[in-house]
Amino acid sequence: MRTLFPAMLSAALVAACAGSPPRAPDVPKPGSEPRLVVLVVIDQWPEWAFEAKRPALTGGFDRLLREGEWHIGEYPYASTITAVGHSLLGSGEPPSRSGILANDWWHRELDKRLHAIEAEDHTPTNKWLRVPGLGDAIAAAHTGGKAVSVSLKDRAAILPLGHAGTAIWYDAKRVGWTSLAPVPWLAAWNTANPISAHLHDIWTPLAETPGLAGIPDDAPGEIGEKGFGPTFPHALDATRNPADAVFATPLGNELVIETATEAIDREQLGADAVPDLLVMSLSAHDYVGHGWGQESWESWDTVLRLDRRLAKLFADLDAKVGAGRWSMVVTSDHGASPMPESLHGGRIGVDQIQDAANRAAVAELGPGDWIASAGYPTLYLSKAALAQKPKQLATALTKIVYALRSFPGLERVERSADFWGHCETRTGDAQVLCATLDPERSGEVLYVPAPGWILLDPDDPAATSHGSMQPYDRQVPVILLPPGRAPHAAPTAPDTTIPMTRIATILARWLGVSPPSSLPRADR
Ligand SMILES: [Zn+2]
């Protein structure tokens, strides 16, 4: 247990002081106002996995801890998924208010699934986000401050900013960078630094990686990702689609950081006294985690290389913006489960859940397709089911709930209507489930995996995943480099727990603008 759940042990250690407020000042002292505020999101970076790797990290992460504060961040909902986490990081709001339920969800009125940043015509959009993000907060302040985000993933670039600012992401089809609104320098950047030049790269591990990981390269459960096999070396051009395989390599981090650094120059970020925002969301570690697990050689190697790369980034920020003139939050959008093999858990296909639910509905309603979608975290009844008489429908719903409660690997199965609305009046798990649900957009049945169990898209198998109420999914590191900081001895364990809903407010205060949650809702 000690090696698997250091986060829970340290969480217990800090529980006594969990009520004390984080030390980071909300408002910078005069003279210490940052010119640039940076949010670094390491995608799928659980607190427990960081604690396991921390002693080996002597580069950028060590500097972060010697200058900053280390807290355990806790997400307030069960849908610990990329789009949801990035929405909350930028807005401070959970799905019950942001309307971003998952990476994609079923739209009843459209009779189809759409990605969180996908319009009906399949173009990228921020329209499903009901609340303002940090880009909106900066725009509303009318200070002339800029907001730029860079990520491999579209959803990770778009959602933290909200409805304003410059969102840039990697388009594997075009093998280059693209953006939501036109960015004047992006075409020249793509031409001058073609990603296609990297597509014959071969990823081999650093010399120290195998010893630090301490497990075989082909540990049980590892399956690889994006066409890579379970073991090193990983040659991009040995995959079906090398441009897509970039997502699952340390090269992916390198490209995001390079492009974000270019944005500092091109957009003149941090060049004057009005603070600007730069978001960097590093997607590669998420794909690495899904394919090989957090304990794998691949995960260790990705984090060791990131440790070195962050040290260079911080030196570049010192040179470009000025030492002490930039502030930073380093955190994650969600955690991940240890390998199910090590927790005596397992993997469940979402199609298995849909089939089991439909069989239960058939028992009441007769033959038919009664389930429109079962994508986590809620299951949607089909139009045909919703057209049934209310009494029959209620009975079918009860039968579905009871059938899924006997399904192996699910911790909670509930009628969504019992948990949505008035989240502030609920406590404990009921509040967490409530924060997960949007009464207008969520499906009729809510389900949550049990400890050690992960959900899979049948077309996309994985070593590990995220998306549950467990601490390994909800707890992530939060490292704050506040304005006016001074170097100190690096903490050996995290300090207090901090609700992830506070991050957007902390960033807004450092930026000198009102928190996004204080602005009018975007959907009214
Ligand atoms: Zn993610």
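Here, residue 1 is the first one in the sequence, and each next residue gets the next number. Whatever order the structure lists them in is the order used to number ligands and atoms, beginning at 1.
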Distance filter under 2.8 Å, centred on the Zn ion (ligand 1) - protein N, O or S atoms that pass it
Asp43 OD1, Thr82 OG1, Asp333 OD2, His334 NE2
Here the ring-ring contact (aromatic ring centres under 6.0 Å, His included) pairs for residues 434-462, sequence neighbours left out, are Tyr376-Tyr447
May I have the step-by-step check of side-chain contact (heavy atoms from CB on, under 4.5 Å) for Arg130 and Glu93, ending in yes or no?
CA-CA 10 Å; Arg130 295 187 188 276; Glu93 303 284 15; over 6 Å; no
Set out, in order, the CA-CA distance, both residues' side-chain angles and the distance that settles salt bridge (Lys or Arg N to Asp or Glu O under 4.0 Å) for Glu444 and Arg108, then state yes or no.
CA-CA 11 Å; Glu444 287 76 12; Arg108 274 194 212 87; 3.3 Å; yes
For the rings on Phe314 and Trp326, is their centre-to-centre separation under 6.0 Å?
yes
Any chance the side chains of Lys146 and Thr166 put a donor and an acceptor closer than 3.5 Å?
no
Between Asp301 and Thr209, do the side chains contain a donor N or O and an acceptor N or O under 3.5 Å apart?
yes
